[in-house]
Amino acid sequence: MNAAVKEAPSPAPPPDVRALRNALGVYPTGVTIVTTRGVDGRSVGLTVNSFASLSLEPPLLLWSLSNRSPNLRAFRTASHFVVNVLAQEQDDLAMRFANPAIVDKFEGVALRDDALGRSHEVPLVGGAAAWFVCACRDAIETGDHTLFIGRVVAHESAAERPPLVFQGGRFTALR
Ligand SMILES: Cc1cc2nc3c(=O)[nH]c(=O)nc-3n(C[C@H](O)[C@H](O)[C@H](O)COP(=O)(O)O)c2cc1C
């Protein structure tokens, strides 16, 4: 090898994704189902724990969606989405909406059919602990996810329903 040609430093070893995932999983989160309506009118939704509040004035929140999701286009084109914060006993719904093998995740799922439920033509999951109906403000592709930022246009909470919690790869409850 030509002595003048310096060998490129070997690239950093790829991070151990599982170890990173486990470390991130130490942090407890609530559990949500984010829903919208596709251009064909079909209800779309998935289990999400990347949800966070972002700003109060204006009222903004965020969540991120894997770029591999078959629902990426639906969320990118939707005018509104809903963050349904799940109640403690809704772990079965969380598992259902995290299962890509279920073709119609909404089959048999009770949706709110009241004024808020009908107001923006987006599906609101019944029995949740809180609902945030958002106008899509931004969708930013970054890393292997797309970050969605929504402006809250309506919200409601059921303070008497404790939230579902996700920690260490399991669903749990507040003690
Ligand atoms: C507790 C929990 C939290 C999750 N959070 C997210 C998330 O924030 N973003 C995401 O893209 N997927 C998340 N997922 C994975 C999706 O729910 C899962 O991949 C789902 O099948 C995606 O639906 P789709 O394939 O219909 O898009 C989470 C799963 C679980 C169990």
Side-chain angles (χ1 to χ4, degrees), residues 15 17-55 60-111 121-152 155 161-175:
V17 175
R18 182 172 291 272
L20 176 60
R21 209 183 251 251
N22 290 345
L24 290 169
V26 169
Y27 184 65
T29 68
V31 184
T32 74
I33 293 175
V34 182
T35 56
T36 193
R37 212 166 282 284
V39 275
D40 53 0
R42 155 188 82 94
S43 293
V44 168
L46 73 151
T47 302
V48 161
N49 73 340
S50 55
F51 161 65
S53 62
L54 177 60
S55 162
L60 303 177
L61 56 74
L62 62 82
W63 64 285
S64 66
L65 176 62
S66 166
N67 291 333
R68 281 191 268 177
S69 168
N71 295 315
L72 184 60
R73 193 165 163 267
F75 281 105
R76 272 195 164 275
T77 52
S79 64
H80 291 77
F81 63 78
V82 186
V83 178
N84 303 267
V85 178
L86 295 185
Q88 190 174 289
E89 69 280 3
Q90 293 184 305
D91 50 333
D92 53 339
L93 274 185
M95 285 189 282
R96 180 178 180 83
F97 279 80
N99 185 348
I102 298 178
V103 178
D104 182 5
K105 293 177 186 155
F106 287 84
E107 196 185 335
V109 174
L111 300 178
E121 295 183 354
V122 275
L124 272 69
V125 175
W131 300 263
F132 299 93
V133 181
C134 299
C136 294
R137 177 171 166 136
D138 233 329
I140 304 160
E141 188 181 332
T142 179
D144 56 8
H145 277 57
T146 295
L147 181 66
F148 285 90
I149 296 175
R151 184 185 173 102
V152 180
H155 62 92
R161 289 189 199 135
L164 183 62
V165 174
F166 191 67
Q167 199 275 333
R170 290 168 193 204
F171 296 109
T172 181
L174 288 177
R175 276 193 295 272

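Every number for a ligand or one of its atoms is a count from 1 in the order of the listing. Residue numbers count from 1 along this sequence. Computation of the quantities below employed the complete heavy-atom set of this structure, encompassing side-chain atoms and omitting hydrogens, waters and symmetry-equivalent molecules.
- Of all protein heavy atoms, the one closest to atom 25 (O) of ligand 1 is Pro70 CD, 3.4 Å.
- In this structure, the separation between CZ on Arg96 and CG on Asp91 is 14.0 Å, given to the nearest 0.5 Å.
- What sits closest to atom 5 (N) of ligand 1 on the protein, heavy atoms only, is Asn49 N, 3.0 Å.
- Taking the six-membered ring where the residue is Trp, the centroids of Phe75 and Trp63 are separated by under 6.0 Å.
- Looking at Gln167, its side chain does come within 3.5 Å of a backbone N or O of Val26 through a donor-acceptor pair.
- In terms of protein heavy-atom proximity, atom 4 (C) of ligand 1 is nearest to Thr47 O, 3.4 Å.
- At a 4.0 Å heavy-atom cut-off, ligand 1 does not touch Phe51 at all.
- When each atom of ligand 1 is checked for a heavy atom of Phe97 under 4.0 Å away, the hits are 17 (O), 20 (C).
- Residue Met95 holds its CE atom at 9.5 Å from OG1 of Thr47, rounded to the nearest 0.5 Å.
- Ser50 contributes a side-chain N or O that, together with a main-chain N or O of Ser64, makes up a donor-acceptor pair within less than 3.5 Å.
- The protein atom (non-hydrogen) at minimum distance from atom 8 (O) of ligand 1 is Ser50 OG, 2.6 Å.
- Residue-level proximity to ligand 1 for Ser64 is carried by the backbone, the only part with a heavy atom below 4.0 angstrom.
- An N or O contact shorter than 3.5 Å links Ala98 to ligand 1 by distance.
- Atom CZ of Arg73 has 12 or fewer heavy atoms from other residues, nucleotides or ligands within 6.0 Å.
- The single protein non-hydrogen atom nearest to atom 12 (N) of ligand 1 is Leu46 CD1, 3.8 Å, given as residue, atom name and distance.
- Heavy atoms of Phe166 come nearer than 4.0 angstrom to ligand 1 in at least one pair.
- Residue, atom and distance of the protein heavy atom nearest to atom 23 (O) of ligand 1 are Lys105 NZ, 3.0 Å.
- Looking at atom 27 (O) of ligand 1, its nearest protein heavy atom turns out to be Ser69 OG, 2.5 Å.
- Within 6.0 Å of the NE2 atom in His145, the count of heavy atoms belonging to other residues, nucleotides or ligands exceeds 12.
- Within ligand 1, the atoms closer than 4.0 Å to a non-hydrogen atom of Leu65 are 11 (O), numbered from 1 in the order shown.
- Checked against the 6.0 Å centroid criterion, the rings of Phe132 and Phe81 do not qualify as a close aromatic pair.
- The line from CD1 of Ile140 to CG of Asp138 is 4.5 Å long, rounded to the nearest 0.5 Å.
- At the shortest separation from atom 11 (O) of ligand 1 among protein heavy atoms lies Ser66 N, 2.9 Å.
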